[in-house]
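For reference, the structure discussed in these notes is given below.
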Amino acid sequence: MAKVKTSFFCQNCGTQFSKWQGQCSSCKQWNTIVEEVIQKEVKANWQKQEKGSSRVAKPTLIHEISSATEKRLPTSDKELDRVLGGGIVPGSLILLGGEPGIGKSTLLLQISLKLPYKTLYVSGEESQKQIKMRAERISQKNSNCFVLTETKTQNIFKQVAEVEPDIVVIDSIQTLHSDYIESSAGSISQIRECTTELIKFAKESGIPVFLIGHITKDGNIAGPKILEHMVDTVLQFEGDRNHVYRILRSLKNRFGSTSELGIYEMLSDGLREVHNPSEILISKNADELSGTAIAATLEGARPLMIEIQALVSTAVYGTPQRSATGYNAKRLNMLLAVLEKRAGFKLAAKDVFLNITGGISIDDTAIDLAVTAAILSSNEDEEISKTNCFAAEIGLAGEIRPVNRIDQRILEAEKLGFTTFFASKHNKISLKNTKINIVLISRIEDVVAHLF
């Protein structure tokens with residue numbers, strides 16, 4: 001009988017140690033190292049009984065490999081298709097993470113019920129009756145969705161061989177365990193082993209697999225960090241449970257862009273796709289208020305109109321506060337320095353608070369001009385017309401710098417009813433016959449002259 005070996009793993013980052021120690025030398029966390037039993041066995045193939053499953057891969061010259069693009073599996077969810085890059089790639093492993101109660105299981109069950117393909121929904125956390133109750137609440141009728149409550153990977157693969165689904169959903173990876181590892185479910189070694197078996201299954205069979213992953217208190221996906229390196233796509237489901245809007249973004253995607261964004265609205269009957277995100281990112285307040293400006297930004301290929309809110313007030317506690325929600329605080333400090341040096345606004349003794357409505361975070365530098373306009377509006381206590389839209393970057397010399405894909409931003413602003421668009425004088429705009437008034441500026445002083 002083979003000798004049973006033990007090893008020590010950090011439950012926070014997954015680093016392996018030969019002996020126990022109080023602090024993990026990798027992530028610097030205390031009391032996270034746990035001993036786990038590892039038993040070496042000869043692993044049986046997940047499809048050992050099938051013919052042709054024991055074929056051996058042979059090296060092939062790269063110019064002899066077929067370069068034909070593999071056909072993706074489109075879903076009926078346009079937001080998910082956009083984030084994935086056009087659909088589900090056969091044989092891919094997709095990891096979906098998010099906070100408890102954010103709607104991960106609801107999203108994947110809803111997609112499973114909508115798919116025209118045969119789907120196997122494997123749950124290790126809920127019973128079949130609980131899943132049935134959620135399916136009735138979502139009110140989706142589907143005859144192609146099979147539900148299995150199982151946590152042992154060997155039993156799951158047996159059912160896969162019988163059902164022969166087109167897509168497999170695992171809820172969640174932390175509940176699975178394999179006979180080849182004697183550690184408890186959810187441990188570092190079990191997560192790594194189960195994910196390895198699922199990867200082998202997906203690549204050999206060509207069946208895509210969705211995994212739901214828990215997250216830690218820091219917001220990272222629970223388990224070893226290598227888990228995110230093993231899968232093909234990592235999706236993050238974000239949002240505040242006290243609000244109805246959810247954001248699906250791609251953190252890693254081997255088959256598409258990681259800059260795409262999907263927005264959903266949580267309703268009593270499931271998640272609704274939001275095809276026009278500007279409707280939730282711009283407030284419906286009819287009154288024009290000081291300290292607000294509209295920016296035209298891009299998330300992947302999608303143009304978005306977002307509302308920037310700023311509040312400038314006299315510092316009460318001596319040291320002025322600088323706070324930004326959804327925006328880089330260091331960039332905010334840079335813009336305030338530019339306004340002080342180049343435009344002559346005395347903001348050093350004032351508190352500045354900045355917020356991007358809708359609960360999203362924006363890294364696009366094209367919103368610099370809107371941020372500056374909102375700050376100036378609050379400082380002067382004069383409102384900016386809600387028909388104005390901004391898209392430009394601001395340099396340290398106070399110059400207005402051009403941004404990419406300006407034509408797409410202008411067309412989106414015109415479609416949403418904006419009448420004036422502020423852009424850099426150095427942008428090459430090829431649009432003709434547009435009804436929107438395009439104001440081209442080159443210095444931060446020009447912005448002040450036009451608005452106030």
Side-chain angles (χ1 to χ4, degrees), residues 97-99 101-102 215 217-220 236-249 251 259 261-266 274 277-285 287-300 302-317 319-340 345 347-381 383-384 386 388-394:
E99 293 183 358
I102 205 71
I215 66 170
K217 62 181 180 180
D218 298 327
N220 301 318
Q236 185 79 14
F237 206 38
E238 305 171 352
D240 190 344
R241 284 184 292 175
N242 299 321
H243 294 80
V244 296
Y245 296 109
R246 306 285 189 268
I247 297 173
L248 182 68
R249 66 173 76 243
L251 304 181
S259 58
L261 196 73
I263 299 180
Y264 295 87
E265 182 182 7
M266 177 64 81
V274 178
S278 300
E279 70 183 51
I280 68 170
L281 300 176
I282 300 178
S283 63
K284 304 298 188 294
N285 193 349
D287 298 330
E288 292 185 352
L289 305 173
S290 63
T292 61
I294 308 299
T297 184
L298 292 173
E299 281 289 340
R302 164 187 281 188
L304 300 177
M305 299 294 119
I306 61 174
E307 182 176 333
I308 310 292
Q309 295 179 329
L311 176 62
V312 179
S313 61
T314 304
V316 180
Y317 303 105
T319 303
Q321 299 183 64
R322 303 284 188 261
S323 177
T325 303
Y327 188 69
N328 191 336
K330 291 183 178 180
R331 193 162 189 87
L332 172 62
N333 291 329
M334 184 201 77
L335 294 178
L336 293 176
V338 171
L339 286 174
E340 181 119 9
F345 286 90
L347 300 172
K350 294 186 177 181
D351 294 335
V352 180
F353 303 93
L354 191 75
N355 177 48
I356 297 180
T357 60
I360 66 172
S361 299
I362 301 295
D363 296 326
D364 189 5
T365 57
I367 70 174
D368 285 355
L369 187 57
V371 169
T372 304
I375 293 172
L376 294 176
S377 173
S378 179
N379 185 61
E380 299 295 318
D381 201 18
E383 65 274 0
I384 297 175
K386 299 192 74 171
N388 292 344
C389 188
F390 304 85
E393 181 183 350
I394 296 180

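Closest non-hydrogen pair, Ile375 versus Val312, comes out as O-CG2, 3.7 Å. Between Ile294 and Met305, the closest heavy-atom pair is CG2-CB, 4.3 Å. Nearest approach of Leu298 to Asp364, heavy atoms of both residues: N-OD2, 3.5 Å. For Gln236 against Leu251, the heavy-atom pair with the smallest separation is OE1-CD1, 3.7 Å. Closest approach of Val274 to Arg302, counting heavy atoms only: O-NH2, 4.1 Å. Here the closest non-hydrogen pair linking Phe390 and Ala293 is CE1-CB, 4.1 Å.
In this structure a side-chain-to-backbone donor-acceptor pair under 3.5 Å is missing from Glu238 to Ile247. Between the side chain of Ser323 and the backbone N or O of Phe353, no donor-acceptor pair lies under 3.5 Å. At distances below 3.5 Å, not a single donor-acceptor pair connects side-chain atoms of Ser377 with backbone N or O atoms of Ala373. Within the 3.5 Å criterion, the main-chain N or O of Gln321 finds a donor-acceptor partner in the side chain of Asp351.
Rounded to the nearest 0.5 angstrom, Ile308 CD1 and Leu369 CG are separated by 11.0 Å. Glu307 CD to Lys386 NZ: the interatomic distance, rounded to the nearest 0.5 Å, is 6.0 Å. The CG atom of Leu376 lies 12.0 Å from the OG atom of Ser290; values are rounded to the nearest 0.5 Å. Leu248 CG to Ile102 CD1: the interatomic distance, rounded to the nearest 0.5 Å, is 11.5 Å. A distance of 5.5 Å separates OG1 in Thr297 from CD1 in Ile306, rounded to the nearest 0.5 Å. Distance check, rounded to the nearest 0.5 Å: CG of Leu304 to CD1 of Ile263 gives 6.0 Å.
No side-chain heavy atom of Thr372 sits under 4.5 Å from any side-chain heavy atom of Val338. For the pair Ile367/Tyr327, a side-chain contact is recorded, criterion being any heavy-atom separation below 4.5 Å from C-beta on. Between Leu339 and Asn379 the shortest side-chain heavy-atom distance does not fall below 4.5 Å.
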Worksheet item: What's the verdict on salt bridge (Lys or Arg N to Asp or Glu O under 4.0 Å) for Glu393 and Arg331, showing C-alpha distance, side-chain angles and the deciding distance?
Response: CA-CA 11 Å; Glu393 181 183 350; Arg331 193 162 189 87; 3.6 Å; yes
Practice prompt. Carefully, step by step, assess Thr357 and Thr292 under the rule side chain to side chain contact (heavy atoms under 4.5 Å, CB included).
Written response: CA-CA 10 Å; Thr357 60; Thr292 61; over 6 Å; no
Item to complete: Before giving the answer on side chain to side chain contact (heavy atoms under 4.5 Å, CB included), spell out for Leu289 and Glu383 the whole-Å C-alpha distance, their side-chain angles and the decisive distance to 0.1 Å.
Response: CA-CA 5 Å; Leu289 305 173; Glu383 65 274 0; 5.8 Å; no
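In Asp363, the CG atom is not crowded: 12 or fewer heavy atoms of neighbouring residues, nucleotides or ligands sit closer than 6.0 Å.
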